[in-house]
There are 2 protein chains.
Amino acid sequence: MNTRNKNKTKQSCDCTISRTDIPPAIQEDLDAVGGIPGLCDQLPPESSIVTTSTTYHALSDPLRMKVLYLLRVQPLCVCVIKACIGIADSKLSYHLTILKKAGLIEGEQKGNWIVYQITEKGLLFAQENPPMPSL
Amino acid sequence: MNTRNKNKTKQSCDCTISRTDIPPAIQEDLDAVGGIPGLCDQLPPESSIVTTSTTYHALSDPLRMKVLYLLRVQPLCVCVIKACIGIADSKLSYHLTILKKAGLIEGEQKGNWIVYQITEKGLLFAQENPPMPSL
DNA sequence: AAAACGTTTCAATTTTAATTGAAATATTTA
DNA sequence: TAAATATTTCAATTAAAATTGAAACGTTTT
């Protein structure tokens, strides 16, 4: 059994590269860190990487960022968000769902309306000079 | 001439909504902030929103996050990154370009290789518990 | 219970992003 | 200068995300 990899929580890589193929300065640093396998061991677990990039994806659309900035001001029903941004209902709903799934906003039914508010996580990304979050 | 909108740096919205159409609690907050136009004035300028979401887009792919995490450890030539991640040259190059354009990494030719390193901006996003950046 | 309202869902389409493999470029070595 | 190596660029394809308009859903009002 491969003892080096037992109980690993980080992902490792099985790839190798011949020692003469890379610049000496980089090779030195690489040796210090345990070569390519040691370097790969420094990657966060795949699941965490996926979570992180999913959050960033939700933030990667200007429209969605606008919604987040609006909800930073106060909770809002969909119709007000729509009035500010000026897009079709179904389009807005689509983007709200993406923000919601990423945990950046949450919605609550209040009578005839659904009122959305920003979450704590969302707030971290809705700063104009954002002071960044743990995802 | 419209005096309200002269010299504006934030974007504003010209949409209105009839006063009775939204939940009272929200209406109150909305009044306090200057109604829908006042709310819209709180949006950052469009250009800043686009810059922000472009950065997030660069971060929205697991592959690109991996590259960023690797470069957090030390500067690397493309071949080592490739050895860790295990994808085709041209694919890696495509993703490196996106990270570079977003200002998260930079590359320098060193002899036969191109050595990439993470930028200060990139470093802010490559924390496992990221302490967030101003974009 | 029917009509009206705010919002979401769905299927179809359009747009954008990612992947692929071959060819091109630039640097070094022979 | 030719061959070899590392990386990028390009055109074509595939895959994913966004948009659209119509229909459905749940709540409130009449």
Side-chain angles (χ1 to χ4, degrees), chain A residues 15 17-27 50 53-67 71 75-102 105-117, chain B residues 15 17-27 50 53-67 71 75-102 105-117:
Chain A
C15 311
I17 201 173
S18 92
R19 169 164 282 271
T20 59
D21 280 332
I22 75 181
I26 289 180
Q27 182 64 62
V50 168
S53 49
T54 299
T55 297
Y56 285 135
H57 170 256
L59 297 161
S60 72
D61 185 294
L63 223 65
R64 294 194 288 264
M65 284 306 298
K66 273 187 203 173
V67 171
L71 292 177
L76 295 170
C77 55
V78 177
C79 53
V80 172
I81 300 173
K82 184 190 171 188
C84 286
I85 300 193
I87 56 175
D89 287 333
S90 65
K91 185 172 172 179
L92 179 52
S93 183
Y94 169 77
H95 289 290
L96 287 172
T97 299
I98 289 176
L99 287 168
K100 194 167 52 182
K101 280 185 181 158
I105 66 175
E106 56 196 9
E108 191 189 353
Q109 183 110 25
K110 289 225 171 113
N112 219 333
W113 301 274
I114 295 174
V115 173
Y116 280 95
Q117 61 181 359
Chain B
C15 312
I17 201 172
S18 91
R19 169 163 283 270
T20 61
D21 281 332
I22 75 182
I26 289 180
Q27 182 64 61
V50 168
S53 48
T54 299
T55 297
Y56 286 135
H57 169 257
L59 296 161
S60 72
D61 185 294
L63 224 65
R64 293 194 288 262
M65 284 306 296
K66 275 187 201 172
V67 171
L71 292 177
L76 296 169
C77 54
V78 177
C79 52
V80 172
I81 300 173
K82 184 191 170 187
C84 287
I85 300 191
I87 56 174
D89 288 331
S90 66
K91 186 172 171 179
L92 179 51
S93 184
Y94 169 76
H95 289 290
L96 287 171
T97 300
I98 288 176
L99 287 168
K100 195 167 54 182
K101 279 185 181 157
I105 66 174
E106 56 197 8
E108 189 190 353
Q109 184 111 24
K110 288 228 171 107
N112 218 331
W113 301 274
I114 294 175
V115 174
Y116 280 95
Q117 61 181 0

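Just so it is clear: chains get the letters A, B, ... in the order the sequence lines come, proteins before strands, and each one is counted from 1.
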Main-chain N/O of B/G111 paired with B/Q109 side-chain donor or acceptor, under 3.5 Å:
yes

Using modelled atom types and a 3.5 Å cut-off, is there a donor and acceptor pairing between side-chain atoms of B/T54 and backbone atoms of B/V50?
yes

Between atom [atom1] in [X] and atom [atom2] in [N], what is the gap in whole Å?
| X | N | atom1 | atom2 | result |
| --- | --- | --- | --- | --- |
| B/L96 | C/dT19 | CG | C1' | 15 Å |
| B/L63 | C/dA18 | CG | P | 10 Å |
| B/I114 | C/dT28 | CD1 | P | 12 Å |
| A/L76 | C/dG6 | CG | C1' | 15 Å |
| B/K110 | C/dT28 | NZ | P | 13 Å |
| B/L99 | C/dA17 | CG | C1' | 14 Å |
| B/D89 | C/dG21 | CG | C1' | 11 Å |
| A/Y116 | C/dG6 | OH | P | 16 Å |

Listed partners of [X] passing side-chain contact (heavy atoms from CB on, under 4.5 Å), at least two apart:
| X | value |
| --- | --- |
| B/L63 | B/D61, B/I85, B/I87, B/K91, B/H95 |
| B/E106 | B/Q117, B/T119 |
| B/Y94 | B/I98 |

At a cut-off of 3.5 Å, list every protein nitrogen or oxygen paired with a nitrogen or oxygen from nucleotides 1-5 of chain C, distance to 0.1 Å.
{"from": "C/dC5", "atom 1": "O2", "to": "A/N112", "atom 2": "OD1", "distance (Å)": "3.3"}

[X] [atom1] to [Y] [atom2] distance, which is reported to the nearest 0.5 Å:
| X | Y | atom1 | atom2 | value |
| --- | --- | --- | --- | --- |
| B/Y116 | B/I114 | OH | CD1 | 5.0 Å |
| A/Q27 | B/C77 | CD | SG | 9.0 Å |
| A/L71 | A/L76 | CG | CG | 5.5 Å |

Protein heavy-atom contacts under 4.0 Å, written 5' to 3' over nucleotides 10-16 of chain C as B (base), S (sugar-phosphate only) or - (none), form the string -------

Would A/L59 and B/T55 count as a side-chain contact (heavy atoms from CB on, under 4.5 Å) if you check the C-alpha gap in whole Å, the side-chain angles of each, and the deciding distance to 0.1 Å?
CA-CA 9 Å; A/L59 297 161; B/T55 297; over 6 Å; no

Nucleotide nearest B/T97 (side chain, heavy atoms from C-beta), chosen from D/dT9, C/dT7, D/dT27
D/dT9

Apply the test side-chain contact (heavy atoms from CB on, under 4.5 Å) to residues B/V115 and B/V78: give CA-CA distance (whole Å), side-chain angles for both, the deciding distance (0.1 Å), then the verdict.
CA-CA 7 Å; B/V115 174; B/V78 177; over 6 Å; no

Look for any protein N or O under 3.5 Å of an N or O in nucleotides 14-18 of chain D and output each such pair with its distance, or none.
{"from": "D/dA18", "atom 1": "OP1", "to": "A/R64", "atom 2": "NH1", "distance (Å)": "3.3"}
{"from": "D/dA18", "atom 1": "OP1", "to": "A/R64", "atom 2": "NH2", "distance (Å)": "3.1"}
{"from": "D/dA18", "atom 1": "OP2", "to": "A/Y94", "atom 2": "OH", "distance (Å)": "2.6"}

Tell me, do B/H57 and A/Y56 make a side-chain contact under 4.5 Å, heavy atoms counted?
no

